[in-house]
Amino acid sequence: MKTTYIGAVQSGDHDGEQVTLKGWVKRSRGNNNLRFIVLRDSTGTIQCVVKRDAVGDDAFTALSEALIESSLELVGEVKVDERAQGGHEIGVSSGQVIGGVNPERPFPITESAMTSADGGETEFLLDHRHLYLRTSRMTTMLQIRSSVFGAIHGYFRDLDFVEYQAPNFVAGAVEGGSTLFEVPYFGKKAYLTQSWQLYAEAAMPALERLYTIAPSFRAEKSRTRRHLTEFWHAEMELAWATNDEIMSHGEGVVRRIAKTLLDERSDELASLDRDLDLVARYADNPYPRMRYDEAVETLQGMGIDIEWGQDLDYSKEKVLTADFDVPHFLTHYPKVAKPFYHRVDPEDDAYVLCHDLLAPEGYGEIIGGGERTWSEEEILARIDEENVPREPYQFYIDTRAYGGVPHGGFGLGVDRVVSWLSGADHIREVIPFPRDSRRVTP
RNA sequence: GCCGAUUUAGCUUAGCUGGUGGAGCGUGGGACUGUUAAUCCCAAGGUCGUGGGUUCGAGCCCCACAAUCGGCGCCA
């Protein structure tokens with residue numbers, strides 16, 4: 001294994017010491033007697049100075065011929081030097097190529113491919129995703145992503161939620177059936193899960209507080225910067241909870257994520273030109289709550305063509321959130337716009353007790369949740385009312401027959417949150433191997 | 001599914017009113033003892049997405065198809 005990381009060297013932890021560095025060539029330039037190799041590892045980059053006099057002819061030739069992304073092991077002294085980026089460089093005394101690169105097949109991700117992408121994603125970069133991952137932009141995104149996942153786990157575990165796993169092969173839909181991925185299953189049909197929710201509700205009477213982070217699959221032919229067919233879904237379910245209490249947790253976990261990124265990934269966010277003041281605003285301020293009716297009135301006041309009872313599509317969301325400086329909850333949607341598992345508002349049965357959390361800056365919906373229809377009579381009535389077949393949901397109905405209690409939960413689109421908080425142009429930028437309706441490779 | 005756009009070297013692209021396709025990066029060769037996306041000189045690398053059509057002549061005009069990108073519906 002290796003014991004010295006470039007980040008530590010650049011931090012000044014090894015000044016004057018003899019170190020062994022292991023990494024990959026990011027850039028290389030020089031002449032017949034002197035060569036500058038910018039070495040990269042997972043923690044940073046550093047300039048390594050190779051002199052023919054110091055390492056001998058054979059090593060000098062081998063190191064000089066190492067193309068971009070060759071892996072090297074270099075031994076040398078750490079020197080403080082203002083001429084080097086980062087303020088430190090390595091005076092190489094010996095070194096070798098560990099894994100070379102064939103000049104006939106040089107590393108395909110060139111400077112031109114990177115700069116023209118400019119945050120967007122070209123077909124070429126998507127086709128070479130396995131190699132694009134090691135560029136600084138993708139590495140940074142993956143580090144930010146890791147902190148987001150960690151923050152979600154931290155939020156729920158601090159509150160004694162139990163992490164709980166649902167199956168990924170399922171027999172029925174949560175959302176509309178048209179977006180299910182069908183898979184052959186020993187002569188029968190199965191589907192890839194769209195949500196952990198129905199199976200979480202089965203465990204709710206056992207665990208009371210539960211959460212997960214798991215992939216969900218939706219066969220939507222959506223071609224937008226907010227959609228993937230396979231996305232990471234953070235979901236929670238809480239017994240005895242009201243819509244307001246569920247929203248408080250939604251706000252809590254999103255603010256925790258923003259705070260964690262400021263604590264752990266400020267440098268990475270800054271390297272992506274993300275405005276840290278914006279992220280701080282999302283961490284420090286409460287998220288207002290607005291009823292659906294108020295949103296519709298606001299939109300109508302702006303001259304937008306919308307009728308009561310319509311769901312709010314992205315074009316409406318975009319207009320509505322344009323003036324928001326923090327995420328806003330939208331609550332109490334009309335019953336006709338939502339599926340059967342949303343609980344009808346006892347105070348007015350035209351509405352359901354639900355909420356969406358809309359992120360600002362045009363990123364749109366990041367959370368959907370609410371109270372569940374919890375009594376057996378009501379769930380049967382709602383299923384029949386929407387002409388949903390009872391049979392695939394019998395296990396779900398059963399859970400209401402034995403001591404049903406008020407409860408609720410939400411689902412958070414983790415990739416969408418990463419995309420929003422990192423300021424990405426496209427959700428594809430924040431997941432290592434994005435899947436959409438036209439791409440399952442590499 | 002609908003709407004719009006794009007397709008020229010490994011990558012990124014220029015290409016005029018239709019008249020023998022240029023460049024940068026990368027790769028190979030050469031020069032240079034402190035470079036910062038090093039610089040300078042040289043070389044190789046193209047059936048211009050595919051198939052038709054118009055024309056004396058098509059990268060450019062027309063038709064079809066394909067792939068890709070962007071947007072929308074749907075949603076997290």
Side-chain angles (χ1 to χ4, degrees), chain A residues 26-38 45 47-54 60 65 67-69 79 81-86 89 91 101-118 120-128 131-132 174-176 178-179 194-197 213-235 250 310-318 337-339 356-359 363-369 410-420 425-428 436-439:
Chain A
K26 183 179 173 65
R27 225 176 293 289
S28 178
R29 51 184 171 260
N31 56 47
N32 277 330
N33 298 296
L34 175 66
R35 178 145 294 259
F36 300 94
I37 295 173
V38 179
T45 61
Q47 173 164 286
C48 303
V49 184
V50 186
K51 293 180 175 170
R52 185 185 288 275
D53 297 347
F60 184 83
E65 289 177 350
L67 296 182
I68 288 174
E69 288 307 310
K79 297 174 181 173
D81 195 315
E82 287 183 358
R83 291 173 294 184
Q85 283 198 351
E89 68 177 23
V101 172
N102 185 342
E104 290 175 12
R105 290 185 296 115
F107 191 66
I109 315 294
T110 60
E111 204 68 44
S112 57
M114 287 289 294
T115 52
S116 70
D118 195 26
E121 315 270 298
T122 61
E123 180 188 3
F124 177 78
L125 291 178
L126 289 166
D127 285 342
H128 293 80
L131 301 177
Y132 186 41
V174 176
E175 308 293 342
S178 62
T179 62
Q194 299 184 302
S195 167
W196 161 94
Q197 180 194 325
I213 307 178
S216 284
F217 306 89
R218 297 196 184 164
E220 294 161 350
K221 289 183 179 171
S222 307
R223 303 190 40 70
T224 81
R225 60 189 60 197
R226 305 178 306 284
H227 284 85
L228 296 166
T229 51
E230 175 180 356
F231 68 97
W232 284 81
H233 212 173
E235 298 182 81
Q310 275 185 287
D311 207 349
L312 298 178
D313 60 42
Y314 180 66
S315 64
K316 314 285 192 308
E317 274 183 21
K318 200 161 53 180
K338 292 288 178 180
D356 286 350
L357 181 63
L358 306 181
Y363 285 92
E365 186 178 342
I366 51 175
I367 280 181
F410 66 75
L412 175 150
V414 182
D415 317 278
R416 283 189 178 177
V417 170
V418 179
S419 180
W420 162 52
D425 292 330
H426 200 296
I427 197 167
R428 269 198 310 248
D436 61 34
S437 61
R438 297 191 191 180
R439 179 178 289 278

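Here is how names work: the chains are called A, B, and so on, in the same order as the sequence lines, proteins then strands, and each is numbered from 1.
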Exercise. Would you mind classifying the nucleic acid contact of F124(A) as base, sugar-phosphate or nothing, using non-hydrogen atoms under 4.0 angstrom?
Key: sugar-phosphate
The side-chain contact (heavy atoms from CB on, under 4.5 Å) partner of E123(A) among L126(A), L125(A), D127(A) is D127(A)
- [ ] Using the C1' atom on both, measure rA9(B) against rC25(B) and round to a whole Å.
- [x] 12 Å
query: Which is true for E65(A) with a 4.0 Å heavy-atom rule: it touches a base, it touches only sugar-phosphate, or it touches nothing?
result: nothing
Note to self: Please determine whether a side-chain nitrogen or oxygen atom of Q85(A) lies at a distance below 4.0 Å from atom OP1 or OP2 of rU35(B).
What the structure shows: no
Taking the six-membered ring for Trp, does Y314(A) stack with rG73(B) (centroid gap under 5.5 Å, planes within less than 30°)?
no
To the nearest angstrom, the CD-C1' distance between Q47(A) and rU35(B) comes to 6 Å
Dot-bracket assigned to RNA chain B with the 3.5 Å Watson-Crick/G-U criterion, [ ] for crossing and | for other-strand pairs, is (((((((..((((.....[..)))).(((((.......))))).....(((((..]....))))))))))))....
For this session: Look at the side-chain N and O atoms of R225(A) and state whether any lies under 4.0 Å from the OP1 or OP2 oxygen of rG71(B).
Result: yes
Requested in this report: Quote, to the nearest angstrom, the P distance that separates rG28(B) from rU35(B).
Outcome: 23 Å
Q | Between rU7(B) and rC62(B) - P atom distance, rounded Å | A | 14 Å
What is the nucleic acid contact for D311(A), judged by heavy atoms within less than 4.0 Å: base, sugar-phosphate only, or nothing?
-> sugar-phosphate
- Task: Considering only atom P, compute the distance from rC69(B) to rU13(B) and round it to an integer number of Å.
- Result: 14 Å
Separation of rA66(B) atom P from E123(A) atom CD, nearest Å, is 16 Å
Whole-Å distance, E104(A) CD to rA44(B) P, equals 18 Å
Output yes when D81(A) and R83(A) qualify as a salt bridge under the 4.0 Å nitrogen-oxygen rule, no when they do not. yes
Using a heavy-atom cut-off of 4.0 Å across all strands, would you classify L126(A) as base, sugar-phosphate, or nothing?
sugar-phosphate
K221(A) NZ to rG73(B) P, in whole Å, measures 17 Å
note: E220(A), atom CD; rC72(B), atom P; distance rounded to Å ~ 14 Å
Whole-Å distance, R29(A) CZ to rU35(B) P, equals 10 Å
Is there a side-chain contact between H426(A) and the phosphate of rG70(B), meaning an N or O under 4.0 Å from OP1 or OP2?
yes
S437(A) and R223(A): side chain donor to acceptor below 3.5 Å: no
Side-chain contact check for P106(A): nearest option of rC25(B), rU27(B), rU33(B) is rU27(B)
Discussion item. If you compare every side-chain N and O of R223(A) against the phosphate oxygens of rG70(B) (OP1, OP2), does one of them come in below 4.0 Å?
Written reply: yes
Can you tell me if N31(A) touches the phosphate of rU33(B), counting only side-chain N or O atoms and a distance under 4.0 Å to OP1 or OP2? no
From CZ of R52(A) across to C1' of rC32(B) the rounded distance in Å is 13 Å
Q. Would you say rG70(B) has OP1 or OP2 under 4.0 Å from some side-chain N or O of R438(A)?
A. no
*Describe the nucleic acid contact of R35(A) in one word from base, sugar-phosphate, nothing, applying a heavy-atom distance below 4.0 Å.*
nothing
Touch class at under 4.0 angstrom, heavy-atom based, for S216(A) against every strand present: nothing
